[in-house]
Amino acid sequence: NKEKLGFYIEADGEVYGYEIRENIPLTKLYGFRVRIVDFAFSGVEKLYNAKEDEILDRLFSELAATIENEKAYYTFRVPTQVMDVLIKFNVYFNTSFMCGGTVTYLTVKNAGEGRAEKTDVFAADAAYIEEHGKELLDISAATFDVYQGQYHISPITSGKAGEIYKDWLERSFGAEDELLFVADYEGKPAGFCTLRETDTIVEAVLGGVSNKFRELGAYKNMIRTVVNYATDKNKIFVIGTQFENLIVQGTWTQFGLKPFNSFYNFHLDAR
């Protein structure tokens, strides 16, 4: 899909590029323009390569010029596996904030059946969301008040970081391209997990569990359910989190998920 990239270079059959997208929800929330930069490489070498170094210089020069002309607050996802890319990023954007990193896991295997669970997990319909929407938003607010994600780390975005996730969940209510699974305990939401689905992938986007229901196994039950939702449809299940969020990664490995990709989160105030 190289044509979808904002800029790319082709050399010896390989593609080196990036995509810039507008982050409309954060732009609305913060009142200034927020943009996301994703890098795309079909085969960057891990060891130093003089020819490749020249290509990366061209790539980052173009990106730096674009950012100079397009004033905004930029967030970057820099792949961790290619040190030359990280080195170039530090050279060209040395005033950026390092805001942690993200690791993503996947599986194509069914998670199996669980023991008798204390919570029921299901895709919430419009009636359930209307009745319990405020409770779900309260769970989101409480979860991400103590979660130190990339937007909490940046001094520019930290003030409204908790609102990002609450707004994220609210936008999923009734969204045509997302599903909302809930863990329900005796008619009350104990947790939630939003999913985005394509022809080949089911991605878990956002999740949280109420502090009131921590001992019910709600999170494990939700993960098992959404993994099986994906694999029953012969789709790849994908999920990601901050590097240091080891507790949930332990749960994922119990259900056969394996890490496959990671990136650093950098922020640059180029307004």
query = Do Glu52 and Glu14 pass the side chain to side chain contact (heavy atoms under 4.5 Å, CB included) test, and can you show the C-alpha distance, the side-chain angles, and the key distance before you say yes or no?
reply = CA-CA 10 Å; Glu52 200 165 77; Glu14 302 292 354; over 6 Å; no
message = Test your reading of the model: is there a side-chain donor-acceptor pair from Thr194 to the backbone of Leu206, 3.5 Å cut-off?
response = yes
ask   = Is there side-chain contact between Phe41 and Pro79, with at least one heavy-atom pair below 4.5 Å?
value = yes
inquiry  = Could you walk me through whether Val202 and Ile236 satisfy the side chain to side chain contact (heavy atoms under 4.5 Å, CB included) test, starting with their C-alpha distance in whole Å, then the side-chain angles of each, then the deciding distance to 0.1 Å, before giving a yes or no?
reply    = CA-CA 6 Å; Val202 173; Ile236 302 167; over 6 Å; no
key: Flag if over 12 foreign heavy atoms under 6.0 Å of CD, Glu130   = no
Aromatic ring proximity, centroids under 6.0 angstrom, Phe89 and Phe76 = yes
task = Could you tell me whether a side-chain N or O of Asp167 sits under 3.5 Å from a main-chain N or O of Glu163, the two making a donor and an acceptor?
result = no
Salt-bridge present (Lys188, Asp184; N to O < 4.0 Å) = no
task = Please report the C-alpha distance between Tyr74 and Phe266 in whole Å, then the side-chain angles of each, then the deciding distance to 0.1 Å, and finally whether the ring-ring contact (aromatic ring centres under 6.0 Å, His included) criterion is met.
result = CA-CA 8 Å; Tyr74 286 84; Phe266 284 92; over 10 Å; no
Asn228 side chain to Gly112 backbone, donor-acceptor under 3.5 Å = yes
key: Within-4.5 Å side-chain heavy-atom neighbours: Trp168 and Val205   = yes
task = Kindly assign one of parallel, tilted or perpendicular to the pair Phe39 and Tyr18, based on the angle between their ring planes and the thresholds 30° and 60°.
result = perpendicular
query = If every non-hydrogen atom of Ile55 is compared with every non-hydrogen atom of Ala11, which pair is closest and at what distance?
reply = CD1-CB, 3.6 Å
hydrophobic_cluster_shared for Phe260 and Phe263, side chain cutoff 4.5 Å = no
Short N-O contact, Glu19 and Arg21, less than 4.0 angstrom = yes
query = Heavy-atom distance under 4.5 Å between the side chains of Ile239 and Thr104, does that happen here?
reply = no
query = Do you know which two heavy atoms are closest between Ala40 and Leu5, and how far apart they sit?
reply = CB-CD2, 3.8 Å
ask   = Does the Ser262 side chain pair with the main chain of Thr102, one donor and one acceptor, at a distance under 3.5 Å?
value = no
message = Please report the interatomic distance CD(Glu54) to CG(Leu59), rounded to the nearest 0.5 Å.
response = 12.5 Å
ask   = Given the rule that I, L, V, M, F, W and Y join up when any side-chain heavy atoms are under 4.5 Å apart, are Phe243 and Val78 in one cluster?
value = yes
Test item: Asn221 side-chain N/O and Thr119 main-chain N/O as donor-acceptor pair under 3.5 Å = yes
remark   = Interatomic distance, CG@Asp269 vs CD1@Ile156, rounded to 0.5 Å, equals 4.5 Å
query = Tyr105 and Gln249: which non-hydrogen atoms are nearest, and at how many Å?
reply = OH-OE1, 2.8 Å
query = Hey, are the side chains of His267 and Met98 touching, using non-hydrogen atoms and a 4.5 Å cut-off?
reply = no
ask   = What is the distance from atom CZ of Arg35 to atom OG1 of Thr75, rounded to the nearest 0.5 Å?
value = 11.0 Å
query = Under the 3.5 angstrom rule, does the side chain of Thr198 hit a backbone N or O of Ile201 as a donor-acceptor pair?
reply = yes
ask   = In terms of ring plane angle, is the pair Phe60 and Phe93 parallel, tilted or perpendicular, where the classes change at 30° and 60°?
value = tilted
query = Can we say Glu215 and Lys118 salt-bridge, meaning some charged N sits less than 4.0 Å from an Asp/Glu carboxylate O?
reply = no
note = In short, Asp12 meets Lys51 closest at the heavy-atom pair OD2-NZ, 2.7 Å
key: Closest contact, heavy atoms only, Tyr30 versus Thr157   = OH-O, 2.6 Å
remark   = One should read off an interatomic distance between Phe192 CZ and Phe173 CZ, to the nearest 0.5 angstrom, of 8.0 Å
task = Could you tell me whether a side-chain N or O of His132 sits under 3.5 Å from a main-chain N or O of Ile129, the two making a donor and an acceptor?
result = no
inquiry  = Under the criterion side chain to side chain contact (heavy atoms under 4.5 Å, CB included), I'd like the reasoning laid out for Leu268 against Phe97: C-alpha separation, chi angles, the key distance, then a yes or no.
reply    = CA-CA 6 Å; Leu268 177 70; Phe97 304 116; over 6 Å; no
ask   = Which heavy atom in Val209 sits nearest to a heavy atom in Ile139, and how many Å separate them?
value = C-CG2, 3.8 Å
inquiry  = Has Ser140 got a side-chain atom pairing as donor or acceptor with Leu169's backbone, closer than 3.5 angstrom?
reply    = no
message = For the NZ atom on Lys233, are there more than 12 heavy atoms of other groups (residues, nucleotides or ligands in this structure) within a distance under 6.0 Å?
response = yes
Nearest-0.5 Å distance that lies between atom CG in Leu195 and atom CD in Glu203 = 9.0 Å
request  = May I ask you to decide whether Lys88 forms a salt bridge with Asp53, counting only side-chain N to carboxylate O separations under 4.0 Å?
outcome  = yes
task = Look only at the side chain of Ser210 and the backbone of Gly191, and say whether a donor-acceptor pair between them is shorter than 3.5 Å.
result = no
Over 12 foreign heavy atoms within 6.0 Å of CD, Glu176 = no
Within 6.0 angstrom of Lys212 NZ, more than 12 heavy atoms from elsewhere = no
request  = May I ask you to say whether Glu117 pairs ionically with Arg224, meaning some side-chain N is under 4.0 Å from a carboxylate O?
outcome  = yes
task = Please answer: with hydrophobic residues joined when any side-chain heavy atoms are less than 4.5 Å apart, are Phe237 and Val103 in the same cluster?
result = yes
query = Is there side-chain contact between Tyr128 and Val182, with at least one heavy-atom pair below 4.5 Å?
reply = yes
request  = Using the side chain to side chain contact (heavy atoms under 4.5 Å, CB included) rule, take Lys258 and Thr107 through it: C-alpha gap first, then chi angles, then the decisive distance, then the call.
outcome  = CA-CA 7 Å; Lys258 295 181 179 180; Thr107 188; over 6 Å; no
task = Could you tell me whether Lys235 and Glu197 have a side-chain N and a carboxylate O separated by less than 4.0 Å?
result = yes
request  = Check whether any side-chain heavy atom of Leu56 lies under 4.5 Å from a side-chain heavy atom of Val85, and answer yes or no.
outcome  = yes
Lys160 NZ: over 12 foreign heavy atoms closer than 6.0 Å = yes
inquiry  = Could you tell me if Arg271 sits above the aromatic ring of Tyr73, with its cationic atom closer than 6.0 Å to the ring centre and no more than 45 degrees from the axis?
reply    = no
message = So for atom CD, which belongs to Glu244, do other residues, nucleotides or ligands contribute more than 12 heavy atoms lying within a distance under 6.0 Å?
response = yes
query = Given the rule that I, L, V, M, F, W and Y join up when any side-chain heavy atoms are under 4.5 Å apart, are Tyr16 and Tyr8 in one cluster?
reply = no
ask   = Is there side-chain contact between Phe32 and Thr27, with at least one heavy-atom pair below 4.5 Å?
value = no
ask   = Can you hop from Val121 to Leu216 via hydrophobic side chains spaced under 4.5 Å?
value = no
key: Interatomic spacing from CG in Leu63 to OH in Tyr92 - rounded to 0.5 Å   = 10.0 Å
ask   = Taking C-beta and beyond as the side chain, do Arg77 and Asn265 meet within less than 4.5 Å on heavy atoms?
value = yes
